[in-house]
Amino acid sequence: MHLNPNNPIGVFDSGVGGLTVVRALMERLPFEHIHYFGDTARVPYGVKSVETIGYYTTQIAEFLLEKQVKLLIIACNTMAAVSAQVVRDLSPTPVLDVIEAGALNALAATRSRRIGVIGTPTTINSNAYGRAIHQVEPSARVVSQACALFVPLVEEGWLDHPVTRLTAQEYLKPVLAEKIDTLVLGCTHYPLLKPLLSEVAGPNVALVDSAEAMAERAAALLTNLNLHTTSRTPADYQFWVTDVPLRFQAIGERFLGRSLSNVHVVKW
Ligand code: DGL
């Protein structure tokens, strides 16, 4: 299949959280056009069944492929954990997912090979990070912890709040007890908690931001496939959502780190 380098990159997530990945891509690849899809009507995915997530993921991937994207990026850790293969099977264009990117960056960062992973309950139950890490480094010790309360806390904007700090201390206690030296932020929302998590984890633990890891991997893939855009005009960004919930604009802009326009609602 011939891919046009000037076609957009398609990025998708269960809601607005994947905008952390878009933000990292905008910084790393400023000329690339991006189509983002956030399933704001059906979020959260992190507590849904594998079957349901697979069905939703297929719908979204097909929607973006119709927009002629040259690369599909699964920004949602939960979708990547349980449905990455579903997307790879149906996509004629290359597919990258945050779990692969986060696992490889964790392995690059660790010295002791003791790695912590935090994510939604579905991501952690799937053990997708553990499998991705062990595929490369079978001797690594992976300690996982589901942190169900982080998504609502971040959406509430409590990024530096005593309740969030206490919650983080509680969640990280068993993980830190395993003497990890690297912690993977395995959820779209967690990069916003980086300063707080870094304080709670302490200076000896490196945090792997899966959004940044993804931007690096996307840049490397475009180079390998000779697919960088030749355009030097301002990039075009389009945002597709299935609902515009209360406070959508404010929450979306917090994730994106800039104003959010060109938002279209898709009715399914
Ligand atoms: N985007 C999800 C993830 O990265 C978090 C929100 C959800 O549960 O849908 O796991």
Side-chain angles (χ1 to χ4, degrees), residues 10-25 36-61 64 72-84 86-87 95-103 105-106 116-130 132 144-159 164 167 171 183-194 197 207-215 217 239-243 245 247-248 251-252 254-256:
V11 182
F12 61 98
D13 177 48
S14 55
V16 285
L19 293 174
T20 50
V21 173
V22 174
R23 179 182 187 161
L25 286 169
Y36 177 80
F37 192 103
D39 196 1
T40 41
R42 302 187 292 202
V43 70
Y45 282 20
V47 288
K48 290 191 167 70
S49 70
V50 173
E51 291 71 27
T52 299
I53 295 167
Y55 176 70
Y56 291 172
T57 305
T58 304
Q59 262 186 320
I60 299 169
L64 285 172
L72 264 182
I73 295 184
I74 311 177
C76 177
N77 287 259
T78 303
M79 283 198 246
V82 297
S83 301
V86 173
V87 181
V95 177
L96 287 177
D97 74 76
V98 270
I99 293 203
E100 211 176 34
N105 274 32
V117 178
I118 52 176
T120 64
T122 302
T123 298
I124 298 306
N125 284 343
S126 74
N127 192 33
Y129 272 105
S144 304
Q145 174 69 49
C147 303
L149 296 175
F150 280 166
V151 166
L153 286 169
V154 169
E155 298 214 349
E156 191 60 28
W158 289 10
L159 306 182
T164 314
T167 308
Y171 279 142
L183 179 67
V184 181
L185 310 185
C187 173
T188 47
H189 289 56
Y190 302 175
L192 276 77
L193 293 175
K194 224 170 163 184
L197 291 173
L207 301 189
V208 173
D209 175 335
S210 49
E212 275 172 15
M214 173 49 83
R217 295 265 297 154
F239 301 93
W240 306 87
V241 292
T242 44
D243 187 28
R247 297 166 55 225
F248 168 77
I251 296 174
R254 185 180 306 137
F255 281 94
L256 195 60

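Both ligands and their constituent atoms are indexed starting at 1 by order of listing.
The only option from T123, T122, D13 that meets the side-chain hydrogen bond (donor to acceptor under 3.5 Å, both in side chains) definition with T78 turns out to be T123.
In this structure, CD in Q59 is found 7.5 Å from CZ in F37, a value given to the nearest 0.5 Å.
Applying the side-chain hydrogen bond (donor to acceptor under 3.5 Å, both in side chains) test to E156 and every residue at least two apart in sequence or in another chain returns nothing.
Remark: side-chain polar atoms of T57 are not paired, donor with acceptor, to backbone N or O of M79 under 3.5 angstrom.
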* Please walk me through it: do Y36 and V21 pass side-chain contact (heavy atoms from CB on, under 4.5 Å)? -> CA-CA 10 Å; Y36 177 80; V21 173; over 6 Å; no
Which protein N or O atoms sit under 3.5 Å from any N or O of ligand 1? Give atom names and distances.
unit_1	atom_1	unit_2	atom_2	d
ligand 1	1 (N)	D13	OD1	2.8
ligand 1	1 (N)	S14	OG	3.1
ligand 1	1 (N)	T188	OG1	2.9
ligand 1	4 (O)	N77	N	3.1
ligand 1	4 (O)	N77	ND2	3.4
ligand 1	4 (O)	T188	N	3.0
ligand 1	4 (O)	T188	OG1	3.2
ligand 1	8 (O)	Y45	N	3.4
ligand 1	8 (O)	G46	N	2.8
ligand 1	9 (O)	S14	OG	2.6
ligand 1	9 (O)	Y45	N	2.7
ligand 1	10 (O)	T78	N	3.3
ligand 1	10 (O)	T78	OG1	2.6

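The aromatic rings of Y56 and Y45 are tilted relative to each other, their planes meeting at an angle between 30° and 60°.
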